[in-house]
Each structure stands twice: as structure tokens, then as C-alpha cells.
Amino acid sequence: MVYKVADNILSPLGATTAENYRAVKAGRSALARNDRRWLLPDEQLTASLFSKEQESQFLVDGLSRFESMAVTSVRQALSQTTLDVSQPDVVFILSTTKADVELLTSGTTHQTVAVEESVQSPADSAVHIAKALGFTTEPIVVCNACTSGLSALILASRLLTIGAYEYAVVCGADSQSRFIVSGFQSLKALSPEMCRPFDMERMGLNLGEAAATMILGKGGGAWTIGRGAVRNDASHISNPIKTGEGSYRALSAVVGDDRLSSYAFVNAHGTATIFNDQMESVAIQRAGLSTVPVNAYKGYYGHTMGAAGVLETILSMAALDDHTILGTRGFEELGVSGNVTLSAAHQSTDKRSFVKMLSGFGGCNAVQIFSRGEEEGVWSENTSLLGLHATGHTVLILPDSVLVDGKEIDVEGKGKDLLTALYRQYVGDYPKFYKMDGLSRLGFMASELLLQAEGNDVAAEGDNRAVVLFNHSSSVSADRAYLDTIADPNNCFPSPSVFVYTLPNIVTGEIAIRHHYHGETSFYILPRRDEALMVSILRATFVDTATRSAVCGWLDYVDDQHFMADLQIVTTKSM
């Protein structure tokens, strides 16, 4: 079994978990008005941001602001243990959506230009963080939109379960920037006032920044890390599905009917956006959890993005340690149709388990169970015997050539034109292709060719197929394209259609939508193409016994002339 060993929350409400819990229990919020901070058009911003004084206390020489946040949080968590992170059985997992993207937008900051130029992707930030902390194993970046934090905890618990490592240090972190704020502003998702999750008068979300760390191990502890699941809506890359399909499927995968009475609460994503809160309420009701109290923490912290899943899980653990169900700050009157129970007031409880759920762009949804001193609902230990088998179907796309199952196919054009030619030759009836960014076009066509080659050789239902992709450069091409829309302060027109593709996991959503895959979709960013590490992560994916096959592989798109797709289909059954 997997347990929590130690934790930390670094946020504008405090530098330790205890400080944060005391602040939240006292009803304090870090949300405040920060209008015109980034000099964006019509910028009315309520957000949870570190003050200059707080920032001075966590900055680390030679590291960026984002990296400093993560290092400070991890160090505080490690100080509670005797763990030697230099050992080969310890892995560092970073959960983030945009990492150091602010370095692309701000020019010379308080850090040196050398540091600024050295950051190429979230994986490079992870390397800097891991090196500063003394890790010797390759770090893993989980970049699964707003579900990243919970997806990282699920991955960590699975990796420990299959014996890949003995300990995992999971840090979720994101810092706010002009890039991110302008993007959410373009989506009309921000509320100028403090957010009100699930409330009738909710107007949108508030952004926040934080770093939160949880150390997991197999040696025992007060908190057991239970089952987790990731499922896709297979509906839309940015809009929640009305039926809550992905969230419902994820809840159903981990919540047993015989255990409903044991859950103290469901800690929801609760962004206070109109459609996400509505979707969550429907999913909770469909999963039979209407009698379980629901709460959300965005009214205290705002949406901390890659940190949210880790931070909100740690805070929920601290609350149950105190026999408390924390209230939903900003909530007054229910404004969703799903039958759910919320309260702004704290409540007492003697129950010892809770459900954590998140949802995000790309149609991804994640759910995990956490229990204090209980051993039910954990991963099955026999998963350590899992073996993966290749189906024999592969696709390799380079800027000047395409190979399907090892045979080169004729196609006109090179670079970006090659992808368009492939689309016209092999698909032709899916015009959304032309709206996609380069990474998504590449992944779309590689998966299309792969599945056409597969034909009827493998019977893989959409509910049982995962999409698991890796790269190094994240969504750098889309990032640069979006930056062009906001680079000139006097001619700033942030594009929502470009911004949504600055999350690399969007490509997994595009594939899921195209082929009606409701299984797991996950995107990982690595320092390099490490086949052994990729296989370990794939094996961990199949710990979820609902997953029977996966479209997986390396998918990197630096620009229109430099890209690679190397995908295949794997299964747990010998072909």
C-alpha cells in the first residue's frame, strides 16, 4: 500500500500546511484585487498572489520565481523526514500547467538572462528543481491541464505500487503571469469579484498561485492513498459536457456503493464558472453521492492550476485530522441543478475518508480516494506483474517522411505542408483539423494513420483505451503563437482559440473526441526521450484494470519544420 509520508503548502496564506489550515479554518482568503497588474485591456483581476515580502522569503539564488516556489515547498516537506532523495528509488514528479512561461513574456526579470534563456520547457524547470534538491533520477512532469495535481498523485501511487520506486515526491506548482491571466481573460472566465463556487450568483473563477508538496512512500503512515482514475469526456476540448460524463466515469471507477456512508465529503474542483460547477453537480448526483457533503476551496486560494490537486488534497487531509469539513467560502444559495449539499460553514465529522475530484481542458477528469488509517480501496498489489505487449502497429512522422508499420508511404510536401497533405489524403472530412495547433495536428494524423493500420485486428472499446503521450518541448509552438497576440501592449488582442492549445494535453483530448475514447488521457513532459521511464509510466497506467490498450508514444512539435511523432498501440494481452 501507498501512504503519505509528509506534506507542505506554500501559498499567500502561509508557508506551511499548518499555517494554511489555520488560516482557512479562521475563514481567511488570500483573494484580493490586483487590477491592472499586467496592464492588460479591461483588466479587473481578483486573484491570490504572493506579496513582494512573501516572495523575498522563498526566492532561491540561481532559480526562477516558479522554480524557487517548488524548491521551497519540497524542502519544507523533506525537513519532516529523513528521506535521502539522492537514492535511485526516489522519483520527483512535478505537476504544472505552464511552469516558467512568464519568462517568455517578461524579458529580463529579477533573475539573470542566462537563467531565463536556459528554460526551454517545463521539463527543464523540473531538472533545475530536482538538481537543487539533490535528486538523481529523471524527473517527470505531469501536464494534464487543471487535473495535473491529482493526475500526478495518481501516477505516483501507481509507480510505487508496481515497484518502480519506493518513494515519490510530488510537487504541484504554478505562478501567475501576463500570459496566463490574458488567456483566461480572453476566455471570459474570470470574475472581477471573489468567486462563489456552486452559488446562484457565481460569475467566474479567480486565479491563484501556490506550490504544494506531498511525499508518498510504501513504509506506512496515517493516510492511505486510495484508488484513482482519469477519464475523458470525449466531447469538447474546453467546454464541460452537460452530463458530466468523464467525471461520472472517474467517480464510478473508484467509489464503491458499499462505501458511500464512509466518505466525509467530496472535495470538488469548484471553479465557480457557470458550466464547470453545473457539470460537477450532475456527475456527483449520477455517481450516487448526493447525500455526501460537497465543498470547494477556490474561495480561499483561487484556482492554483497545477498546484490545485495537491494543495486541496493536503488541506482536506488536515481538515479530517481535525474532524472538520471545511466550508465553501463564497457560497450562499445553490445555483446548480445536480442534487448536491454545500455549506459556507465548517462542520464536524468523525468519518475518515474523502473523495477528491478535478476536471480540466482537454476533457480530462480525475478522481482519487484518500483514507485516514484505512486500507480499503487501495491498488491491488498483483499489478506489479503487469507486462506490456506491442500490437505491431506503429507510425513514425518526421518533417520529410512518414512510415506506417515500418513501410514508407508516399505523400507530397514537407514540414507543416506534409501534415496537411496527409490529412487530405487519409481523412479529408474532419475540418476541425484546420483549427488545431501544430502539436494537435501531428498527434491527430499520427493516431489516425495508426488506427487505420490497426483496422479490426484489435477489438478496443472507447471505454478501455487510454491515450498516453510524451514529449520534451510541451506546447512551445502554440505558446509562441499565443505570445504574438499579446506581445505589443498597445495592440493586445489575446486569442482564446490560440490560448486553449497552449496546454499540451489538448492533443489527447482531440484524439479522444475523434475516436470517442472515454478512457484515460495523460500527457507527460520529460527531460529527454527515456524509453525505460516511458515504459514504467505506461505500466503504471495499466494499474487501472479498465485500461486494456493504449495509443502511446513520443509526440514533439518545436515548430513547423521540426517535429516527430512516434506512436504505437500497446496492450496487456499477448497478440
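Quick note: residue numbers are just sequence positions, from 1.
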Begin from the C-alpha positions of Thr521 and Asn505 and carry the test side-chain contact (heavy atoms from CB on, under 4.5 Å) through to its verdict.
-> CA-CA 8 Å; Thr521 53; Asn505 74 296; over 6 Å; no

Could you go step by step and tell me if Phe370 and Ser316 meet the side-chain contact (heavy atoms from CB on, under 4.5 Å) rule?
-> CA-CA 9 Å; Phe370 300 90; Ser316 294; over 6 Å; no

Which is it for Glu201 and Glu333 under the side-chain contact (heavy atoms from CB on, under 4.5 Å) test, yes or no, and what are the steps along the way?
-> CA-CA 8 Å; Glu201 300 295 330; Glu333 184 177 358; over 6 Å; no

Would you check, one step at a time, whether the test side-chain contact (heavy atoms from CB on, under 4.5 Å) holds for Asn295 with Phe331?
-> CA-CA 10 Å; Asn295 66 1; Phe331 174 79; over 6 Å; no

Start with the C-alpha gap between Thr46 and Asn206, add the side-chain angles, then the distance that decides, and say whether side chain to side chain donor-acceptor pair (under 3.5 Å) holds.
-> CA-CA 6 Å; Thr46 294; Asn206 303 139; 4.8 Å; no

Given the rule in the salt bridge (charged side-chain N to carboxylate O under 4.0 Å, His left out) test, do Asp544 and Arg231 qualify, once you have shown the distances and angles that lead to the verdict?
-> CA-CA 11 Å; Asp544 185 338; Arg231 297 289 185 269; 2.8 Å; yes

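Of the charged side-chain nitrogens involved, none lies within less than 4.0 Å of a carboxylate oxygen, so that Arg465 and Glu520 do not count as a salt-bridged pair.
In this structure, Leu207 and Ile180 approach most closely via the heavy-atom pair CD1-CG2, 4.3 Å. In terms of heavy atoms, Val60 sits closest to Ser68 at N-OG, 2.9 Å. Between Leu31 and Ser48, the shortest heavy-atom contact is CD2-N, 3.7 Å. His303 and Cys146 make their closest contact through NE2-SG, 3.2 Å (heavy atoms, listed as atom of the first residue, atom of the second, distance). Listed here is the closest heavy atom pair of Phe50 and Met69: CE1-CE, 3.9 Å. Taking all atoms of both residues into account, the shortest heavy-atom contact from Ile525 to Pro504 is CD1-CG, 4.3 Å.
Using a 4.5 Å heavy-atom threshold, the side chains of Glu332 and Met200 count as separate. Looking at heavy atoms from C-beta onward, Phe66 lies in side-chain contact with Ser125 at the 4.5 angstrom threshold. At least one side-chain heavy atom of Leu159 sits under 4.5 Å from a side-chain heavy atom of Ile93. Leu190 is listed as a side-chain neighbour of Leu205, based on a closest heavy-atom distance under 4.5 Å. Residues Gln76 and Thr213 form no side-chain contact, since every pair of their non-hydrogen atoms from C-beta on lies 4.5 Å or further apart. Between Glu209 and Thr304, the closest side-chain pair of non-hydrogen atoms is not below 4.5 Å. Side-chain contact between Thr224 and Val2 is absent, with no heavy atoms from C-beta onward closer than 4.5 Å. Residues Thr273 and Arg202 have side chains not in contact (no heavy-atom distance under 4.5 Å, counting atoms from C-beta outward).
Under the rule for a ring pair (Phe, Tyr, Trp, His ring centres under 6.0 Å), Phe361 has no partner lying at least two apart in sequence or in another chain. Every side-chain contact (heavy atoms from CB on, under 4.5 Å) that Ala550 has, sequence neighbours left out, goes to Ala466, Phe542, Val570.
Only one option out of Leu150, Leu358, Val170, Ile225 pairs with Thr313 in a side chain to side chain contact (heavy atoms under 4.5 Å, CB included); it is Leu150.
Judged by distance alone, the side chain of Asp463 and the main-chain N or O of His518 form no donor-acceptor pair under 3.5 Å. A donor-acceptor contact shorter than 3.5 Å links the side chain of Gln368 to the backbone of Gly226. In this structure, the side chain of Arg329 engages the main chain of Gly27 through a donor-acceptor pair within 3.5 Å. At distances below 3.5 Å, not a single donor-acceptor pair connects side-chain atoms of Glu166 with backbone N or O atoms of Lys218. Thr547 places no side-chain N or O within donor-acceptor distance of the main-chain N or O of Val543, the cut-off being under 3.5 Å. No side-chain donor-acceptor contact under 3.5 Å links Arg372 to the backbone of Arg352. A donor-acceptor pair under 3.5 Å links the side-chain atoms of Gln285 to the main chain of Asn339, judged by distance alone. Side chain of His323 to main chain of Asp350: no donor-acceptor pair is present (N/O by atom type, distance under 3.5 Å, no hydrogens or angles). The closest donor-acceptor contact from the side chain of Lys351 to the backbone of Ser261 lies under 3.5 Å. With Thr96 contributing its side chain and Ala173 its backbone, the two residues share a donor-acceptor pair below 3.5 Å.
Surrounding OH of Tyr21 are more than 12 heavy atoms belonging to other residues, nucleotides or ligands, all under 6.0 Å away.
Judged purely by distance below 3.5 Å, without hydrogens or angles, the side chains of Asn20 and Tyr300 never pair a donor atom with an acceptor atom.
Separation of atoms CG (Asn144) and CD1 (Ile506) is listed at 10.0 Å; rounding is to 0.5 Å. A distance of 10.0 Å separates OG of Ser536 from CG of Leu155, quoted to the nearest 0.5 Å. To the nearest 0.5 angstrom, Asn232 atom CG is 7.0 Å from Asn365 atom CG. Separating the NZ atom in Lys25 from the CG atom in Leu315 is a distance of 11.5 Å, to the nearest 0.5 Å. The OH atom of Tyr524 lies 8.5 Å from the CG atom of Leu538; values are rounded to the nearest 0.5 Å. The OG atom of Ser148 sits 8.0 Å away from atom CG of Leu503, with the distance rounded to the nearest 0.5 Å.
Ring-plane geometry between Phe354 and Trp223 is classed as perpendicular, the angle between the planes exceeding 60 degrees on a 0 to 90 degree scale with a lower cut at 30.
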